[in-house]
*Asks:* 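My questions all concern the structure below.
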Amino acid sequence: MQVFHTKSKIIITCNKRLAPYLQAEVEALGFTPDRVFSTGLELTGTVTDCIKLNLNLRCASQVLYSLKSFTAENPARLYKDLVEMEWESLIDFTGYFSVTSNVDNETITTPLFANLKVKDAIVDRIKEKKEIRPNTGPELDKVVIHLYWKDDKADIFLDTSGETLAKHGYRKLPGKAPMLEALAASTIMSTNWDQKSPFVNPMCGSGTLAIEAALLATNKRPGLFRMNYSFMHVLGYEEELFFAERRLLKDQSVKTIDFEIIATDISADAVDIARKNAQTAGVDQLITFKVCDFAETPVPSTPGVIMFNPEYGERLGVHTKLEATYKRMGDFMKQEAKGYRGYIFTGNPDLAKRIGLRASRRVEFYNGKLDCRLLEYELYEGSRRESPDAAPLA
């Protein structure tokens, strides 16, 4: 299998509702998607193309390179097709591989059994050809094979990423209830922020939004923070391909910006964690950190974007303290951020009504399995009568 130079189907996955932002990233890299769906997109390319995609994408989860598509009614047929593949040209017989899967087949009661059949086929093939079997296990730090099996249609992929791309590698200290990096990047991209005007992030928590804003503004890609991907352990991998692509990442990033990124939190521990994460990402000098109540957050006079990711508690719960906080957020934006575009990310429509501003736009996201909205507010300079209740998160 000459996967590094042979074109095949590539599936790039992402969390649900992030596909539009993933598509924009992929097209900016010069690729043309063949189709886009709710949890990713498909294009055509080589594993060498997958190297570029893995290092550059902010919104993706996995980059999967198709090895074979076939019909499999049951586990026996699955094994038969897989054992005939030339795994010895893909996986070092002295190496290690793992298997992941997404299975919806009536003959399978647990995906672990499907994984086992894939492992058996690969091990049996390599043992037959090389007289020694490779090691297998759950770790995703070497070669990763992915099975997608729905009804009688099976696709076997090389997962060129391994560990998920949705974590960007700089957040060594997660803090309390952190927003996943891919989600944070996507929410910022959805604002159409020009990356040249102030970005203000009260209630910054572990700093993910402010850090992702700084990374976007300086064009620093996630590949700068990671040195291990599944594609590195595939036979035929040329190390220079990776380092050449990584040099491009370094060359295209910038070191300074001429506007402010501000992150504040009432918790000194949270700000300390945010600052340390920013140091790991190499953008701590670009962010002004401050320990204070969000209402004391300094807001530059030049209009930009102000974004909150507050607590939103249980979806059906009523929290008097949070209701007051949401009202204060609305008052703060209205009074102190005139001319800005304001954003509040929340999964609680009842609390959203307490903001006291009418949302001009509601962008749908998921945070884990929780249905969320990024609410946009045009914070006009002049006087304008606002609705006492924000529109629901419909």
*Asks:* Mark yes or no for whether N56, through its side chain, and K52, through its backbone, hold a donor-acceptor pair below 3.5 Å.
*Replies:*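 Looks like yes, one N/O pair under 3.5 Å.
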*Asks:* Please confirm whether the backbone N or O of A184 pairs with a side-chain atom of T187, one donor and one acceptor, at under 3.5 Å?
*Replies:*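 Yes, because the side chain of T187 sits within donor-acceptor range (under 3.5 Å) of the backbone of A184.
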*Asks:* Give the C-alpha distance, both sets of side-chain angles, the deciding distance and a yes or no for salt bridge (charged side-chain N to carboxylate O under 4.0 Å, His left out) between D155 and K150.
*Replies:* CA-CA 9 Å; D155 281 274; K150 183 173 177 60; over 6 Å; no
*Asks:* Would a distance-only check, ignoring hydrogens and angles, find a side-chain to backbone donor-acceptor pair under 3.5 Å from T13 to Q62?
*Replies:*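 Yes, because the side chain of T13 sits within donor-acceptor range (under 3.5 Å) of the backbone of Q62.
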*Asks:* Please report the C-alpha distance between Y340 and E378 in whole Å, then the side-chain angles of each, then the deciding distance to 0.1 Å, and finally whether the side-chain contact (heavy atoms from CB on, under 4.5 Å) criterion is met.
*Replies:* CA-CA 7 Å; Y340 275 69; E378 297 288 349; over 6 Å; no
*Asks:* Look at the rings of F259 and W193 and say which category their plane angle falls in: under 30° parallel, 30 to 60° tilted, over 60° perpendicular.
*Replies:*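 Taking W193 first and then F259, their aromatic rings stand perpendicular (interplane angle over 60°).
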*Asks:* Just do the ring pair (Phe, Tyr, Trp, His ring centres under 6.0 Å) check on F308 and Y326 with the steps written out, would you?
*Replies:* CA-CA 10 Å; F308 288 82; Y326 272 63; 9.1 Å; no
*Asks:* So, using side-chain hydrogen bond (donor to acceptor under 3.5 Å, both in side chains) as the criterion, who are the partners of R171 when residues are at least two apart?
*Replies:* E181, T208
*Asks:* Sequence neighbours excluded, which residues qualify as ring pair (Phe, Tyr, Trp, His ring centres under 6.0 Å) partners of F31?
*Replies:* none
*Asks:* So does S89 get a backbone contact from the side chain of W87, meaning a donor-acceptor N/O pair under 3.5 Å?
*Replies:* no
*Asks:* For residues 134-147, dump all side-chain donor-acceptor pairs below 3.5 Å to protein atoms at least two apart in sequence or in another chain.
*Replies:*
from: E139; atom 1: OE1; to: Y96; atom 2: OH; distance (Å): 2.4
from: H146; atom 1: ND1; to: T100; atom 2: OG1; distance (Å): 2.8

*Asks:* Report, as yes or no, whether the 6.0 Å neighbourhood of atom NZ on K167 holds more than 12 heavy atoms from other residues, nucleotides or ligands.
*Replies:*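 It does not: K167 NZ has 12 such atoms or fewer within range.
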*Asks:* Side-chain contact test, heavy atoms from C-beta onward, threshold under 4.5 Å: evaluate it for I262 versus P300 and give yes or no.
*Replies:*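 SC-SC contact between I262 and P300 confirmed.
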*Asks:* Which heavy atom of A210 sits nearest to which heavy atom of N201, and what is that distance?
*Replies:*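 Taking A210 first and N201 second, the nearest heavy atoms are N-OD1, 3.7 Å.
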*Asks:* Within the distance-only criterion (no hydrogens, no angle test), does the side chain of Y237 pair as donor or acceptor with the backbone N or O of F4 below 3.5 angstrom?
*Replies:* no
*Asks:* Would you say the side chain of D124 lies within less than 4.5 Å of the side chain of E128, judging by non-hydrogen atoms?
*Replies:* no
*Asks:* Do any N or O atoms from the side chain of N348 and from the backbone of L351 form a donor-acceptor pair under 3.5 angstrom?
*Replies:*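 Yes, because the side chain of N348 sits within donor-acceptor range (under 3.5 Å) of the backbone of L351.
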*Asks:* Could you verify whether a donor N or O on one side chain and an acceptor N or O on the other, from Y79 and N74, lie under 3.5 Å apart?
*Replies:* no
*Asks:* Under a 3.5 Å threshold, yes or no: a donor from one side chain and an acceptor from the other, between N105 and T107?
*Replies:*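 Result is yes, a qualifying pair exists.
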*Asks:* Within the structure provided, determine whether Y312 and L322 are in side-chain contact (heavy-atom separation under 4.5 Å).
*Replies:*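 Result no, sub-4.5 Å side-chain heavy-atom pair not found.
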*Asks:* Within a strict 4.5 Å, meaning less than it, do heavy atoms of the K9 and S69 side chains meet?
*Replies:* yes
*Asks:* Between C50 and I10, which heavy-atom pair has the shortest distance, and what is it?
*Replies:*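 Heavy atoms only, the tightest pair is SG-CD1, 3.6 Å.
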*Asks:* Got M307 and F199 here, is their nearest side-chain heavy-atom distance under 4.5 Å?
*Replies:* yes
*Asks:* Between the main-chain N or O of A72 and the side-chain N or O of W149, is there a donor-acceptor pair closer than 3.5 Å?
*Replies:* yes
*Asks:* Can you check whether S61 reaches N15 side chain to side chain, under 4.5 Å on heavy atoms?
*Replies:*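 A side-chain contact exists here, since the closest heavy-atom pair is under 4.5 Å.
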*Asks:* Salt-bridge test for R373 and D371: reply yes if a basic N is under 4.0 Å from a carboxylate O, no otherwise.
*Replies:*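 A salt bridge links R373 with D371.
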*Asks:* Going from OG on S8 to OH on Y65, what distance comes out if it is rounded to the nearest 0.5 angstrom?
*Replies:*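 Rounded to the nearest 0.5 Å, the OG-OH separation comes to 4.5 Å.
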*Asks:* Can you find a side-chain donor-acceptor pair between T280 and N277 that sits under 3.5 Å?
*Replies:* no
*Asks:* Please work out whether the ring planes of F231 and F242 are parallel, tilted or perpendicular, with thresholds of 30° and 60°.
*Replies:*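 Geometry flag for F242 against F231: tilted rings.
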*Asks:* Write down the atom of Q23, the atom of P33, and the distance for their closest heavy-atom approach.
*Replies:* CG-CG, 4.2 Å
*Asks:* Please collect all side chain to side chain donor-acceptor pair (under 3.5 Å) contacts where either partner lies in residues 246-260, sequence neighbours excluded, each pair once.
*Replies:* E240-R247
*Asks:* Do L248 and V63 share a hydrophobic cluster (ILVMFWY, side-chain heavy atoms under 4.5 Å, transitive)?
*Replies:*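 No, L248 does not connect to V63 through the hydrophobic network.
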*Asks:* Rounded to the nearest 0.5 Å, how far does CG of L22 lie from CG of L18?
*Replies:* 8.0 Å
*Asks:* If the condition is salt bridge (charged side-chain N to carboxylate O under 4.0 Å, His left out), which residues does D152 pass it with, not counting sequence neighbours?
*Replies:*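 Counting only residues at least two positions away or on another chain, D152 forms no salt bridge (charged side-chain N to carboxylate O under 4.0 Å, His left out).
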*Asks:* If we count only N and O atoms by modelled type, under 3.5 Å, do the side chains of N228 and R226 hold a donor and an acceptor together?
*Replies:*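 Distance-only check fails for N228 and R226.
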*Asks:* Does K327 come within less than 4.0 Å of E323, counting only side-chain N to carboxylate O?
*Replies:* no
*Asks:* With no hydrogens and no angle check, is any side-chain donor or acceptor of K220 less than 3.5 Å from a backbone partner on G282?
*Replies:*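 Such a contact is found between K220 side chain and G282 backbone.
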*Asks:* For I211 and S206, which heavy atoms make the closest approach, and how far apart are they?
*Replies:*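 Answer, listing the atom of I211 first, then S206: CD1-O, 4.3 Å.
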*Asks:* Roughly how far, to the nearest 0.5 Å, is CG of D81 from CG of L78?
*Replies:*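 Atom-to-atom, L78:CG and D81:CG are 7.5 Å apart.
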*Asks:* Provide the closest heavy-atom pair for G330 versus L357 in the form atom of the first, atom of the second, distance.
*Replies:* O-CD1, 3.8 Å
*Asks:* Between K290 and D265 (salt bridge meaning N to carboxylate O under 4.0 Å), is one present in this structure?
*Replies:*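 No.
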*Asks:* To the nearest 0.5 Å, what is the distance between CG on L67 and OG1 on T6?
*Replies:* 10.5 Å
*Asks:* Any carboxylate oxygen within less than 4.0 angstrom of a Lys/Arg side-chain nitrogen, looking at E376 and R361?
*Replies:* yes
*Asks:* With side-chain contact (heavy atoms from CB on, under 4.5 Å) as the test, would you mind laying out the steps for L375 and T346 before giving the verdict?
*Replies:* CA-CA 8 Å; L375 304 174; T346 184; 4.1 Å; yes
*Asks:* Are the side chains of L224 and Y170 in contact, using a 4.5 Å heavy-atom criterion?
*Replies:*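 In short, these two side chains do not touch, never coming nearer than 4.5 Å.
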*Asks:* Taking S161 for its side chain and E163 for its backbone only, find out whether a donor-acceptor pair lies under 3.5 Å.
*Replies:*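 Side chain of S161 to backbone of E163: no pair is present.
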*Asks:* Measure across M203 and P310 and return the closest heavy-atom pair with its distance rounded to 0.1 Å.
*Replies:* SD-CB, 3.6 Å
*Asks:* Does the Lys NZ or Arg CZ of R17 fall within the cation-pi geometry relative to F365 - under 6.0 Å from the ring centre and within 45° of the axis?
*Replies:* no
*Asks:* Is Q2 atom CD crowded by more than 12 heavy atoms from other residues, nucleotides or ligands, each under 6.0 Å away?
*Replies:* no
*Asks:* If you round to the nearest 0.5 Å, how far is OG1 of T264 from CZ of F294?
*Replies:* 9.5 Å
*Asks:* Might you confirm whether atom NZ of K196 has over 12 heavy atoms from other residues, nucleotides or ligands at distances under 6.0 Å?
*Replies:* no
*Asks:* For a salt bridge (charged side-chain N to carboxylate O under 4.0 Å, His left out) check, start with the C-alpha distance between E88 and K130, then their side-chain angles and the critical distance, and finish with the verdict.
*Replies:* CA-CA 8 Å; E88 68 276 9; K130 299 294 183 180; over 6 Å; no
*Asks:* For a 4.5 angstrom cut-off between non-hydrogen side-chain atoms, does K127 reach I132?
*Replies:*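 K127 vs I132: side chains apart.
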*Asks:* T44 pairs by side chain to side chain contact (heavy atoms under 4.5 Å, CB included) with which of T32, D49, D34?
*Replies:* D34
*Asks:* Within the side chain of E25, is there an N or O that forms a donor-acceptor pair under 3.5 Å with the backbone of C59?
*Replies:*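 Pair found, side chain donor or acceptor close to backbone of C59.
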*Asks:* For F113, give me all partners under ring pair (Phe, Tyr, Trp, His ring centres under 6.0 Å), at least two apart in sequence or on another chain.
*Replies:*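 Checked F113 against ring pair (Phe, Tyr, Trp, His ring centres under 6.0 Å); zero matches.
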*Asks:* CD1 of I306 to CE of M329: how many Å apart, nearest 0.5 Å?
*Replies:* 10.5 Å
